[in-house]
Amino acid sequence: MKIATFNVNGIKARLNAVTDWLDESQPDVVLCQEIKSVDQGFPREPFEDRGYNVETHGQKGFNGVAILSKRPLEDVRRGLPGDDSDEQARWIEATVMGDHHAVRVCGLYLPNGNPAPGPKYDYKLAWMQRLEARARDLLADEMPALMAGDYNVIPQAEDAARPEAWKDDALYLPQTRAAFRRILNLGFTEAFRARTEAPGYYSFWDYQAGAWEKNNGIRIDHLLLTPAAADLMTDCQIDAFARGREKPSDHVPVWIDLAA
DNA sequence: ATGCCCGCACACTGCGGA
């Protein structure tokens with residue numbers, strides 16, 4: 001079962017880029033972030049025509065997450081638990097039935113947090129605390145589970161082409177990386193790093209200043225697997241080629257294959 | 001030192017993004 005995360009940066013602006021990639025890459029499940037659309041405005045047809053079930057959790061203008069799945073989705077839940085006053089659409093989860101295992105898949109769009117320090121950074125850190133709580137609950141369940149999405153976290157220096165440029169940024173501040181590491185240390189496997197030690201692999205290149213042409217990227221889109229899910233992983237790759245296409249997102253898909 | 005480029009909305013300018 002091939003499961004991908006993809007920050008599309010506007011699903012309506014990205015229709016061709018996303019459907020072209022779906023046709024080539026043939027993922028079973030896609031966790032989408034930054035759909036920048038309300039639920040009613042999500043263009044369902046191109047995905048349903050390709051055999052995908054579509055579940056959205058959108059809001060007007062910004063943020064918004066969705067799940068596309070060729071397999072039926074059960075027990076869909078929207079919104080990260082822990083703060084009923086949080087209006088931002090950044091979390092959606094569901095159960096996908098594999099041939100041998102049911103997998104709980106969680107799609108997330110973690111707050112950017114800039115400028116730091118400030119209220120936006122406080123919101124990011126508070127959101128990461130709620131994420132840690134949900135992560136603990138996922139580990140306590142028997143079902144293989146994963147949390148995948150745009151984490152807005154550069155875990156280590158080797159995950160940026162120019163780490164010195166990010167030292168005061170909310171994506172790379174020590175507090176941010178510590179909060180990410182706390183979640184990992186609960187027992188999660190960061191899928192890409194579990195399979196590739198080398199530096200120089202990125203999932204985001206800014207639209208500005210020729211970042212793609214210079215390969216000035218950062219790796220901020222991650223899949224975190226519970227031990228039961230990590231045992232099933234057979235592959236993990238970054239589809240960097242998508243960044244070189246026409247009218248691309250600034251992020252590219254990252255995917256895993258699970259023997260589920 | 002700052003902005004570069006995008007997408008979206010109370011849209012022809014401002015905001016958020018990273």
> Between B/dC12 and B/dT2, how far is it from one P atom to the other, in whole Å?
Replying inline: 28 Å
> Of all heavy-atom pairs between A/Pro163 and A/Ala157, which one has the smallest distance, and what is that distance?
Replying inline: CG-O, 3.8 Å
>> Using a heavy-atom cut-off of 4.0 Å across all strands, would you classify A/Ala13 as base, sugar-phosphate, or nothing?
In response: sugar-phosphate
>> Considering every strand and a 4.0 Å limit on heavy-atom distances, what is the contact class for A/Lys124: base, sugar-phosphate, or nothing?
In response: nothing
> Considering only the P atoms, how many Å lie between B/dA18 and B/dG7, rounded to the nearest integer?
Replying inline: 14 Å
>> As an exercise, state the distance from CD of A/Glu74 to CD of A/Glu55, rounded to the nearest 0.5 Å.
In response: 11.5 Å
> Testing A/Tyr207, A/Tyr202, A/Trp205 for ring-ring contact (aromatic ring centres under 6.0 Å, His included) with A/Trp212, which one passes?
Replying inline: A/Trp205
> Considering residues at least two apart in sequence or located in another chain, which fulfil the ring-ring contact (aromatic ring centres under 6.0 Å, His included) criterion with A/Tyr172?
Replying inline: none
>> Would you measure the distance from the P atom in B/dA1 across to the matching atom in B/dT13 and give it in whole Å?
In response: 31 Å
>> Tell me which one of A/Leu225, A/Val29, A/Thr5, A/Leu232 satisfies side-chain contact (heavy atoms from CB on, under 4.5 Å) with A/Ile256.
In response: A/Leu225
> Where along nucleotides 12-18 of chain B does protein come under 4.0 Å, by heavy atom, of base (B) or sugar-phosphate alone (S), with - for untouched nucleotides?
Replying inline: ----SSB
> When the C1' atoms of B/dA11 and B/dG16 are considered, how many whole Å apart are they?
Replying inline: 15 Å
>> Would B/dC4 be called syn or anti here, given the cut-off of 90° from 0?
In response: anti
> From A/Ile154 CD1 over to A/Ile218 CD1, what is the distance, rounded to the nearest 0.5 angstrom?
Replying inline: 4.0 Å
> Given the P atoms of B/dC10 and B/dC6, what is the spacing between them in whole Å?
Replying inline: 23 Å
